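Structure first, then comments.
When reading the values below, keep in mind they use all heavy atoms of this one structure, side chains included, and skip hydrogens, waters and symmetry mates. Since this is a predicted model, take the numbers as computed values, not measurements.
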Amino acid sequence: MEQEQTTTRQMAILLFCGLLAPLLRVIPEETGPLAGAGGWVAPLLALPVFLLALWVLGRTFRRLPRTAGLSQMYRLAYGTGLGRLLTAATALWLAVMSAFNLRLYGESFVTSIYTDTNILMFLAVMMAVVCLVSRRGFAAVCRMGRLFFCVLMVTVGLVVLLGIREVRLYNLWPVWLQGWDGLLLSAVPVLSVLGFSIPVLYCKRSPSEQGQGEKILTAWFSLLCLLLSAVGAVMIGMFGWQTAIRLQTPFFSMAKEVTLGEITERIEAIVAAVWVFSDLALLAAQLCTIADYGKELWRGAGRKWLIWGVGAAVFLGAVWLNPTTFELQGAWRGIQGWNIAVCYGLPLLSCLLLRVRGKI
């Protein structure tokens with residue numbers, strides 16, 4: 001166990017940073033085809049559903065031992081054998097998603113900004129940095145997240161403020177252009193990405209919040225969804241939803257369009273460099289979580305060895321994947337349902353079983 005306890009606030013800030021980049025990839029690339037001009041509303045539609053899931057999980061964990069996590073909940077709900085199997089499945093899925101995201105980060109970064117860079121070098125350096133940070137423990141990763149939050153907020157805020165001047169309001173309305181069913185369905189891709197946070201948040205609970213955890217998470221994830229809607233509105237307002245969904249990296253394209261005196265040509269490169277912080281934060285959070293699940297499964301396993309072992313496996317998985325950015329984004333559409341099943345379905349079904357069986 002880590003000597004330094006992490007709080008819900010620290011984890012929320014880390015996840016705020018880590019989820020920013022993947023969420024801005026699905027807005028408007030995934031939400032646009034479903035909701036059209038209303039793709040920027042998707043985070044606001046997804047927020048109540050996500051907060052409801054957190055509320056259910058929060059109420060369940062308050063009735064479990066104070067430091068219990070998903071692994072203990074699975075064992076209590078399904079029995080020791082099946083519970084361990086589900087814990088291993090969750091850790092494996094996080095590793096697969098980490099490899100998938102690492103490759104997508106590399107493809108987006110190399111093809112959009114630094115076209116002469118060897119992607120294998122980028123993947124190796126990125127994974128090495130993640131492992132070096134993660135081996136110090138989740139508390140060290142959370143401290144890193146606080147620094148990243150300040151830098152990312154300044155960067156996103158600058159791009160949004162400069163981009164507002166280019167927004168055309170007719171590109172944002174009506175939000176029901178594709179029909180109300182499409183508008184509601186546009187929340188699904190956002191929910192799927194937000195689901196990455198559940199195995200991290202409930203891997204190993206912190207006893208220090210004393211019932212305030214749900215309020216803290218509500219505040220931070222509400223802020224995240226409001227920011228996403230604002231950025232999505234500026235992107236769609238600038239390009240129109242038909243053009244925005246065809247762009248390889250809409251946020252970087254938006255950064256290209258803004259002007260700031262004589263340094264216009266450098267804004268995109270600066271944004272791209274800062275954006276790596278978001279990718280690094282999510283990978284580090286997932287790597288620490290996988291290591292914690294590994295320690296639950298194999299008592300006595302060294303945390304540092306688990307970090308480096310998982311990091312090597314994720315790197316090899318990312319190298320093995322060899323599609324283009326567009327193919328990776330297309331693959332995400334096919335697996336986001338599985339992500340919802342692992343991140344929402346299994347934990348919420350466990351809550352239901354515990355309630356039905358009278359164990360909580």
(message) Quick check for you: to the nearest 0.5 Å, what is the distance between Arg9 atom CZ and Leu217 atom CG?
(response) 10.0 Å
(message) Could you report the tightest heavy-atom contact between Leu172 and Ala233, atom names first, then the distance?
(response) CD2-O, 3.1 Å
(request) Could you grab the distance from atom CG of Leu57 to atom CE of Met73, nearest 0.5 Å is fine? (result) 6.0 Å
(message) Please check: side-chain N/O of Ser278 versus main-chain N/O of Cys17, any donor-acceptor pairing under 3.5 Å?
(response) yes
(message) Treating Ser98 as the side-chain partner and Leu94 as the backbone partner, does any N or O pair qualify as donor plus acceptor under 3.5 Å?
(response) yes
(message) Before we go on, tell me: are the rings of Trp220 and Phe149 under 6.0 Å apart, centre to centre?
(response) yes
(request) Look up atom CE in Met144 and atom CD1 in Ile13, then write down how far apart they are to the nearest 0.5 Å. (result) 12.5 Å
(message) Working to the nearest 0.5 angstrom, can you tell me the gap between Leu201 CG and Thr8 OG1?
(response) 7.5 Å
(message) According to a hydrophobic-cluster definition based on side-chain heavy atoms being under 4.5 Å apart (Ile, Leu, Val, Met, Phe, Trp, Tyr only), do Leu44 and Leu224 belong together?
(response) no
(request) Could you walk me through whether Leu70 and Leu86 pass the side chain to side chain contact (heavy atoms under 4.5 Å, CB included) test, one step at a time? (result) CA-CA 10 Å; Leu70 279 180; Leu86 291 177; over 6 Å; no
(message) Does any part of the side chain of Trp55, heavy atoms only, come nearer than 4.5 Å to the side chain of Thr218, both counted from C-beta?
(response) no
(message) Does any part of the side chain of Val129, heavy atoms only, come nearer than 4.5 Å to the side chain of Leu280, both counted from C-beta?
(response) yes
(request) Look only at the side chain of Ser229 and the backbone of Trp40, and say whether a donor-acceptor pair between them is shorter than 3.5 Å. (result) yes
(message) To check you understand the geometry: which heavy-atom pair defines the closest contact between Cys288 and Val141, and what is its length?
(response) SG-CG2, 3.7 Å
(message) Ser186 vs Val41, test: side chain to side chain contact (heavy atoms under 4.5 Å, CB included). Steps then yes/no.
(response) CA-CA 8 Å; Ser186 69; Val41 183; over 6 Å; no
(request) Kindly say whether Met238 contributes a backbone atom to a donor-acceptor pair with the side chain of Arg168 at under 3.5 angstrom? (result) no
(request) For ring-ring contact (aromatic ring centres under 6.0 Å, His included), just list the numbers for Phe315 and Trp320, CA-CA rounded to whole Å, side-chain angles, deciding distance to a tenth of an Å, and then say yes or no. (result) CA-CA 9 Å; Phe315 169 73; Trp320 177 74; over 10 Å; no
(request) Check whether any side-chain heavy atom of Val314 sits under 4.5 Å from a side-chain heavy atom of Gln286, and report yes or no. (result) no
(request) Taking the side chain as every heavy atom from C-beta outward, state whether Arg62 and Glu214 have any pair of such atoms under 4.5 Å apart. (result) yes
(request) Identify the heavy atoms of Ala140 and Val133 that sit nearest to each other, and give their distance. (result) CB-O, 4.3 Å
(request) For the pair Ser192 (side chain) and Asn339 (backbone), establish whether a donor and an acceptor sit closer than 3.5 Å, ignoring hydrogens and angles. (result) no
(message) Assigning hydrophobic clusters by single linkage (Ile, Leu, Val, Met, Phe, Trp, Tyr; side-chain heavy-atom cutoff under 4.5 Å), is Val130 placed with Leu316?
(response) yes
(request) With side chain to side chain contact (heavy atoms under 4.5 Å, CB included) as the test, would you mind laying out the steps for Phe50 and Ile198 before giving the verdict? (result) CA-CA 10 Å; Phe50 179 69; Ile198 291 179; 4.3 Å; yes
(request) Please check if the side chain of Ser197 supplies one atom and the backbone of Leu194 the other of a donor-acceptor pair under 3.5 Å. (result) yes
(message) Tell me the closest heavy-atom pair linking Trp308 and Cys131, and the distance in Å.
(response) CZ3-CB, 3.5 Å
(message) Would a single hydrophobic cluster contain both Val125 and Leu102, if residues Ile, Leu, Val, Met, Phe, Trp and Tyr are joined by side-chain heavy-atom contacts under 4.5 Å?
(response) yes
(request) Could you tell me whether the side chain of Thr60 reaches within less than 4.5 Å of the side chain of Arg355, counting heavy atoms only? (result) no
(request) Determine the sole option in Asn101, Leu104, Leu282 for which the side-chain contact (heavy atoms from CB on, under 4.5 Å) test with Pro22 is passed. (result) Leu282
Return all side-chain donor-acceptor pairs below 3.5 angstrom for residues 342-349, not counting sequence neighbours, or 'none' if the list is empty.
from	atom 1	to	atom 2	distance (Å)
Tyr344	OH	Leu191	O	2.6
Tyr344	OH	Gly195	N	3.3

(message) Any side-chain to backbone donor/acceptor pair from Arg103 onto Ala318? Under 3.5 Å, distance only.
(response) yes
(message) Looking at every heavy atom in both Ile290 and Ala91, which two are closest together, and how far apart are they?
(response) CG1-O, 3.9 Å
(request) Taking all heavy atoms of Leu297 and all of Arg84, pick out the closest pair and write down the distance. (result) O-NH2, 2.6 Å
(message) Main chain of Thr7, side chain of Gln10: is a donor-acceptor contact present, judged purely on distance under 3.5 Å?
(response) yes
(message) Could you measure the distance from the CZ atom of Phe16 to the CZ atom of Phe148? Nearest 0.5 Å is fine.
(response) 14.5 Å
(message) Taking Leu353 as the starting point, is it possible to reach Leu64 by hopping between hydrophobic residues whose side chains are less than 4.5 Å apart?
(response) yes
(message) Using modelled atom types and a 3.5 Å cut-off, is there a donor and acceptor pairing between side-chain atoms of Arg246 and backbone atoms of Gln242?
(response) yes
(request) Find out whether Phe239 and Ile236 are in side-chain contact, i.e. whether some heavy atom of one side chain is under 4.5 Å from a heavy atom of the other. (result) no
(request) Taking the side chain as every heavy atom from C-beta outward, state whether Thr90 and Cys203 have any pair of such atoms under 4.5 Å apart. (result) no
(message) Walk me through whether Ile119 and Tyr105 qualify under side chain to side chain contact (heavy atoms under 4.5 Å, CB included).
(response) CA-CA 10 Å; Ile119 190 171; Tyr105 301 156; over 6 Å; no
(request) Give, for atom CG of Leu228 and atom CG of Leu23, the distance between the pair rounded to the nearest 0.5 Å. (result) 5.0 Å
(message) side-chain hydrogen bond (donor to acceptor under 3.5 Å, both in side chains), that's the test. Do Glu30 and Gln336 meet it? Break it down for me.
(response) CA-CA 11 Å; Glu30 301 292 331; Gln336 61 184 358; 4.7 Å; no
(message) Using only atom types and a distance under 3.5 Å, with no angle test, would you say the side chain of Tyr293 pairs donor to acceptor with the backbone of Pro199?
(response) yes
(message) Hydrophobic cluster membership, with links at side-chain heavy-atom distances under 4.5 Å among I/L/V/M/F/W/Y: are Leu132 and Leu306 in one?
(response) no
